[in-house]
Amino acid sequence: MPMNLFSMLQDDAPPADDAAATPAPAADAPAPDAAAAAPAAAAGGSGVSFPDDYPNSVKHFLLLGAIGMFLGAICFLVLSNQRAKTTLSHACCFLLAASGAMSYYAMWSGLGVSYKELDTTPRVIFLGRYLGHLITMPLALYNLTLVLKADFPSTFALIGYDLMMVLAGAMGSSTVGSHKYIWWCVSLAFGALVVVDLAKRVSDAGSDTAKILTYITIFSTCFTPLIWLLGSEGTAALGLSQEVGLVTIVDLVSTVGFGLYLTLNYDAVFEDDDEKADSQQYV
């Protein structure tokens with residue numbers, strides 16, 4: 001593994017090579033042709049591949065996310081089957097947790113992960129994270145609009161803002177140089193639209209459950225552009241393990257935690273609105 005390129009991703013600096021401390025005999029010096037070929041080989045490719053070159057902590061966080069989402073999906077499916085009718089909220093909770101589990105398992109196994117060397121410093125980019133967020137975040141927002149009893153135009157606008165936020169972040173993660181911060185500003189702008197819209201609805205939320213679910217969604221929306229800026233896609237101020245760990249925890253809270261809090265308090269939230277929520281089914 002090319003430690004000179006990937007050592008910045010490790011939690012601890014790699015130990016010095018004992019062989020490097022001892023001068024090589026003159027007879028063992030590389031031939032001029034071999035010495036000239038080495039830089040060319042290095043320029044041809046980094047040799048970094050995933051999941052083999054993940055730091056152990058990154059592997060553990062991604063596996064934790066996959067298992068947590070999977071258990072959440074099973075829990076939501078069981079809670080849904082215990083009801084006389086499958087509700088739209090329970091279906092959304094199951095689907096967002098299931099899609100999150102698939103996303104994290106894909107990243108853990110190395111799918112949707114790229115090593116971008118063309119930037120100022122080499123970066124690990126999790127494109128699978130954006131694909132997962134394109135499914136989970138709109139589903140969570142749609143679930144929240146059911147709780148807040150938002151009309152269809154408001155629901156459509158919120159989900160559209162959220163999709164644009166995630167797409168702009170994904171475009172920025174694939175962009176080289178300072179141009180990527182233009183995409184970050186676009187993502188931040190759409191995220192601000194989501195936050196402002198939800199903040200206006202907190203005071204009109206009919207129950208404490210609705211307010212807590214709204215605060216969870218606002219927090220996860222604010223977190224998305226912030227971790228982009230501090231993580232591998234932006235300034236890389238955070239190490240890879242810190243970035244993946246924080247994203248995993250927030251994703252689990254905003255999907256499994258959100259869903260559990262909603263489903264366990266479902267009857268209290270929708271007790272006066274059975275026609276809209278409890279009677280809706282999917283086949």
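The residues of the chain are indexed from 1 along the displayed sequence.
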Do L260 and F76 have side-chain heavy atoms sitting under 4.5 Å apart?
yes
Can Y142 and I159 be said to form a side chain to side chain contact (heavy atoms under 4.5 Å, CB included), step by step?
CA-CA 7 Å; Y142 180 69; I159 294 177; 3.9 Å; yes
In terms of heavy-atom contacts, Y54 and V58 come closest through CD2-CG1, 3.7 Å
Hey, any chance I227 and L131 share a hydrophobic cluster, counting ILVMFWY side chains that come within less than 4.5 Å of each other, even indirectly?
no
Would the distance check show the side chain of N265 and the main-chain N or O of Y261 forming a donor-acceptor pair, the cut-off being under 3.5 Å?
yes
Sidechain-backbone polar pair: S174 side chain, M171 backbone, donor-acceptor under 3.5 Å
no
Backbone N or O of G128 within a donor-acceptor pair of the S103 side chain at under 3.5 Å?
yes
Given side-chain hydrogen bond (donor to acceptor under 3.5 Å, both in side chains), test Y104 with D251 step by step and report yes or no.
CA-CA 10 Å; Y104 270 91; D251 279 350; 2.6 Å; yes
Does OH belonging to Y105 count more than 12 external heavy atoms closer than 6.0 Å?
no
Under 4.5 Å between any side-chain heavy atoms of L62 and V244, yes or no?
yes
Are L111 and F61 linked, directly or through other ILVMFWY residues, by side chains that come within less than 4.5 angstrom of each other?
no
Do N81 and H90 come close enough that some side-chain heavy atom pair is under 4.5 Å?
no
Test log, rule salt bridge (charged side-chain N to carboxylate O under 4.0 Å, His left out), inputs R123 and E243:
CA-CA 12 Å; R123 311 289 176 91; E243 176 192 349; over 6 Å; no
Test item: side-chain donor near acceptor, H133 and T136, under 3.5 Å:
no
Interatomic distance, N143 atom CG to C92 atom SG [nearest 0.5 angstrom]:
4.5 Å
With a 4.5 Å heavy-atom cut-off, do T263 and S89 have their side chains touching?
no
Taking S187 for its side chain and W183 for its backbone only, find out whether a donor-acceptor pair lies under 3.5 Å.
no
If you take all heavy atoms of W228 and K180, which pair is closest and at what distance?
CH2-O, 3.6 Å
Taking a hydrophobic cluster as the set of Ile, Leu, Val, Met, Phe, Trp and Tyr residues connected by side-chain heavy atoms closer than 4.5 Å, whether directly or through intermediates, do L79 and L77 fall within one such cluster?
no
State, yes or no, whether a side-chain contact exists between V166 and T224 at a heavy-atom distance under 4.5 Å.
no
Any donor and acceptor pair, going by atom type alone, linking the side chain of H60 with main-chain N or O of N56 inside 3.5 Å?
yes
Over all heavy atoms of both residues, which pair between K59 and W108 is shortest? Give the atoms and the distance, please.
O-CD1, 3.3 Å
Please tell me whether L134 and L144 are part of a single hydrophobic cluster in this structure, the criterion being side-chain heavy atoms less than 4.5 Å apart.
yes
Dump the intermediate steps for side chain to side chain contact (heavy atoms under 4.5 Å, CB included) on V247 and F223, then the final yes or no.
CA-CA 9 Å; V247 172; F223 177 81; 4.0 Å; yes
For the side chain of T217 and the backbone of L213, is there at least one donor-acceptor N/O pair under 3.5 Å apart?
yes
If you take the centroid of each ring, where Trp contributes its six-membered ring, are Y215 and F219 closer together than 6.0 Å?
no
Can you check salt bridge (charged side-chain N to carboxylate O under 4.0 Å, His left out) on R83 and D267, steps first, answer last?
CA-CA 11 Å; R83 304 186 66 87; D267 293 329; 3.1 Å; yes
Close side-chain approach of Y115 and I125, heavy atoms under 4.5 Å:
no
Whether the S154 and R201 side chains hold a donor-acceptor pair (N or O, under 3.5 Å, no angle test) is what I'd like checked.
yes
Residue pair S220 / S254, side-chain donor-acceptor N/O under 3.5 Å
no
Shortest non-hydrogen contact from A140 to F258?
O-CZ, 3.7 Å
Is it possible for you to say whether L226 and V250 belong to one hydrophobic cluster, with membership spreading through side-chain heavy-atom contacts below 4.5 Å?
yes
Any side-chain to backbone donor/acceptor pair from D197 onto L193? Under 3.5 Å, distance only.
no
Centres of the W184 and Y181 rings: under 6.0 Å?
no
Are any of the side-chain heavy atoms of M102 and M107 separated by less than 4.5 Å?
no
Are the side chains of L240 and F126 in contact, using a 4.5 Å heavy-atom criterion?
yes
